[in-house]
Amino acid sequence: MLAVGIGHEVILVNSATKKSYKFGKQGNYPGQLQGISSVAFSSVGNILVADYVLNRVSMFSSEGEFILCFGTSSKNSCANEYSLSNPSALAIDAQDHVYVADTDNHRIVVFN
């Protein structure tokens, strides 16, 4: 599976079947997107999307259903102890730890 983020939409392409579909609604509420900077897959197929406009990371099922979000800013209500500012890249390790390049805060944040 390949995923590309464009604006507020994620486009998924299944390389085996050559079929594609997209999801994503524009907005500020949890589950909505504004400016996608990075997309990654967890080991169970969930899709994580870094949003540099909303300063958060959102998780969706492989079918595009919203699961949760983390990172906080004045533009969203995804609560946790970290405030992200311009998350620009994501990586996920074998234990599904999520590494976020928190660009404007000059750090890498790890979420379990």
Side-chain angles (χ1 to χ4, degrees):
M1 189 73 75
L2 170 70
V4 178
I6 300 174
H8 65 274
E9 292 183 321
V10 176
I11 301 170
L12 299 172
V13 179
N14 184 321
S15 57
T17 65
K18 307 290 191 240
K19 292 185 179 182
S20 66
Y21 69 95
K22 62 184 176 179
F23 68 88
K25 291 185 179 183
Q26 188 170 15
N28 296 335
Y29 293 105
Q32 297 177 330
L33 303 166
Q34 288 284 343
I36 298 170
S37 56
S38 185
V39 180
F41 291 95
S42 73
S43 65
V44 296
N46 290 331
I47 303 157
L48 286 93
V49 180
D51 191 317
Y52 68 90
V53 174
L54 298 175
N55 296 310
R56 68 183 179 205
V57 175
S58 297
M59 181 185 293
F60 299 88
S61 72
S62 58
E63 291 81 32
E65 296 295 321
F66 175 71
I67 298 172
L68 59 86
C69 56
F70 48 89
T72 58
S73 77
S74 61
K75 296 179 182 176
N76 71 67
S77 59
C78 300
N80 72 48
E81 71 264 28
Y82 293 103
S83 290
L84 299 175
S85 183
N86 191 15
S88 59
L90 294 173
I92 302 174
D93 67 18
Q95 291 77 37
D96 278 338
H97 298 114
V98 179
Y99 298 81
V100 180
D102 188 13
T103 304
D104 291 347
N105 288 322
H106 309 286
R107 64 184 179 173
I108 302 294
V109 182
V110 182
F111 295 92
N112 295 325

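A quick note: this is a predicted structure, and the numbers were derived from the prediction, not measured. When reading the values below, keep in mind they use all heavy atoms of this one structure, side chains included, and skip hydrogens, waters and symmetry mates.
In terms of hydrophobic clustering, with Ile, Leu, Val, Met, Phe, Trp and Tyr side chains grouped at heavy-atom distances under 4.5 Å, I67 and V57 are assigned to a common cluster. Side-chain heavy atoms closer than 4.5 Å link hydrophobic residues (I, L, V, M, F, W, Y) into clusters, and following such links, even through other members, never connects I108 to V49.
Put simply, the side chain of S85 never gets that close to the backbone of N105: no donor and acceptor are under 3.5 Å apart. Side-chain atoms of D51 come within 3.5 Å of backbone N or O of G35 as a donor-acceptor pair. With hydrogens and angles disregarded, a donor-acceptor distance shorter than 3.5 Å links the side chain of Q34 to the backbone of G27. With S38 contributing its side chain and L90 its backbone, the two residues share a donor-acceptor pair below 3.5 Å. In this structure, D93 contributes its side chain and Q95 its backbone to a donor-acceptor pair below 3.5 Å.
The shortest distance between side-chain heavy atoms of L48 and S58 does not fall below 4.5 Å. Between V98 and F70, the closest side-chain pair of non-hydrogen atoms falls below 4.5 Å. Side-chain contact between L33 and F60 is present, with heavy atoms from C-beta onward closer than 4.5 Å.
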request  = List the steps and the verdict of side chain to side chain contact (heavy atoms under 4.5 Å, CB included) for F41 and I47.
outcome  = CA-CA 5 Å; F41 291 95; I47 303 157; 3.6 Å; yes
Derivation and outcome, side chain to side chain contact (heavy atoms under 4.5 Å, CB included), residues Y52 and T103 = CA-CA 9 Å; Y52 68 90; T103 304; over 6 Å; no
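No hydrogens or angles considered: a donor-acceptor pair under 3.5 Å links the side chains of D96 and S43.
Contact record, P87 with V100: CB-CG1, 3.7 Å, taken as the closest heavy-atom pair. The two residues G31 and F66 have their closest heavy-atom pair at CA-CD1, 3.2 Å. Considering every non-hydrogen atom in both I36 and E9, the closest pair reads CD1-O, 3.3 Å. The heavy-atom pair separating Q32 from L54 by the smallest distance is O-CD1, 3.7 Å. For the residue pair V13 and S20, the shortest heavy atom distance occurs at CG2-CB, 3.9 Å.
To the nearest 0.5 angstrom, F111 atom CZ is 5.0 Å from L84 atom CG. A distance of 10.0 Å separates CD of E63 from CG of L12, quoted to the nearest 0.5 Å. Expressed to the nearest 0.5 Å, how far CG of N55 lies from CG of N86 amounts to 7.0 Å.
Under the 30°/60° scheme for interplanar angles, the aromatic rings of F23 and Y21 are found to be tilted.
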